[in-house]
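Inspection log for the structure reproduced underneath, given as structure tokens.
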Amino acid sequence: MRVLVTGGAGYIGSVVAEELLQAGHQVVVFDNLSRGHRQAVPKNAELVVGDMADRACLDQLLRSRAIDAVMHFAALIEAGESMKAPEEFFRNNTSNALTLLEAMLAARVKCLVFSSTAALFGNPERTPIEEDDPLHPTNAYGESKLLVERMLAWFHQIHGLRYASLRYFNAAGASRPDQGEAHQPETHLIPRILQVALGRAEHVNIFGTDYPTPDGTCVRDYIHVGDLARAHLLALQALENSSPLIYNLGNGQGFSVREVVEVARSVTGHPVPVIESPRRAGDPAVLIASSKKIRRDLGWQPRFPDLKSIVESAWQWHRKHPDGYPR
Ligand code: UDP
């Protein structure tokens, strides 16, 4: 297939682009490089630098490259930031997704795999979280993605869009030596901890120690980026026979912030000092996925289900690329 990967210069999009190429697909990456990196784009993918808000550019691209399917990663992702500037999240994530959907409709591209998120669930009523559980985001990031999921359902019903929505829990790790996490600035827990281990920062802040969890810190379900990538390929294939496909993607096991720090200490051999700090706005206490549905329907199986191997793979990347991708 000829697949358009929006945000394919970013952390997860670039890994999926590589997996698509390995599986024999043709890949066009569309990215404005505001957060992504030219060097993260796989060699055999075409990179088109452009903005998701540019409808004319999307129209032209979908037609001229005869795109069969779109994987949509381009988005703002920091939940904490969304509680300071929600407007940026609704513009970039919600409004730009609508622009993409309209362009797909006009170009008769019927197949979409959408990057969704555990943030849709907010504070869940039960754990592990299943796909049909109530959706009550506690931050504007989650809301901006939930609105897209709702649009997708209507586009499916009214226009016959075939789509998969993959709700990632906490993506982490690196799947090959030359592709890894390099956000600027970095806000995610595992890379922040590894920056301390590299001597780039003196301590890591623990955001909130008074959550209703066993050690008072937030609990998350970490999933290896390569395992996420394989789920995208399975979903793309499955869309030929059924739609919509909505899946939670995690390992079904939660780790507190303190536990993640502990694992990173043992992987890196660095003491990783911590400072207990106030809560970050919008953080749910516990997010753990049930991924039974994607295992059952698509035969998805994580290859790196344990946190230690996820942190080890991230550590290999960060040690070799302490400054991320070259500018
Ligand atoms: N976190 C933290 N210190 C940091 C970064 C994150 O304590 O420097 C916490 C954060 O509050 C959340 C968890 O670690 O409870 C995972 O945060 P991250 O930003 O990695 O992912 P999110 O769950 O927001 O998608």
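Order of listing sets the numbers, starting from 1, for every ligand and every atom in it. Just so it is clear, the structure is predicted and the values come from calculations on it, not from any experiment. Keep in mind that the numbers below use all heavy atoms, side chains included, and drop hydrogens, waters and symmetry copies.
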Restricting to heavy atoms, the pick from Y168, Y141, F207, F169 nearest atom 7 (O) of ligand 1 would be F207
For atom 20 (O) of ligand 1, the closest protein heavy atom turns out to be L189 N, 2.8 Å
the protein heavy atom lying closest to atom 11 (O) of ligand 1 turns out to be D283 OD2, 2.5 Å
protein heavy-atom neighbour closest to atom 5 (C) of ligand 1 works out as T187 O, 3.2 Å
>> Would you say CZ of R150 has more than 12 non-hydrogen atoms from neighbouring residues, nucleotides or ligands within 6.0 angstrom?
In response: no
among protein heavy atoms, the one nearest atom 15 (O) of ligand 1 is C218 CB, 3.0 Å
A student checking ligand 1 against I206 at a 4.0 Å heavy-atom cut-off should list atoms 7 (O)
Quiz item: Does a sphere of radius 6.0 Å around CZ in R279 hold more than 12 heavy atoms from other residues, nucleotides or ligands, not counting ones at 6.0 Å or beyond?
Solution: yes
When distances are taken from atom 19 (O) of ligand 1, the protein heavy atom at minimum range is R280 NH1, 3.1 Å
Atom 3 (N) of ligand 1 sits nearest the protein heavy atom N205 O, 2.7 Å
Nearest non-hydrogen protein atom to atom 9 (C) of ligand 1, with distance, is V257 CG2, 3.8 Å
If you scan protein heavy atoms around atom 22 (P) of ligand 1, the nearest is N170 ND2, 3.5 Å
Q.
If hydrophobic clusters are built by linking Ile, Leu, Val, Met, Phe, Trp and Tyr wherever their side-chain heavy atoms come under 4.5 Å apart, do L120 and F155 end up in the same one?
A. no
Worksheet item: Can the ring centres of Y11 and H188 be said to be less than 6.0 Å apart?
Response: no
Note to self: Assigning hydrophobic clusters by single linkage (Ile, Leu, Val, Met, Phe, Trp, Tyr; side-chain heavy-atom cutoff under 4.5 Å), is L21 placed with F73?
What the structure shows: yes
**Message:** For E202, is the CD atom crowded, meaning more than 12 foreign heavy atoms sit under 6.0 Å from it?
**Reply:** no
All heavy atoms of G7 vs all of A74, minimum pair found to be N-CB, 3.6 Å
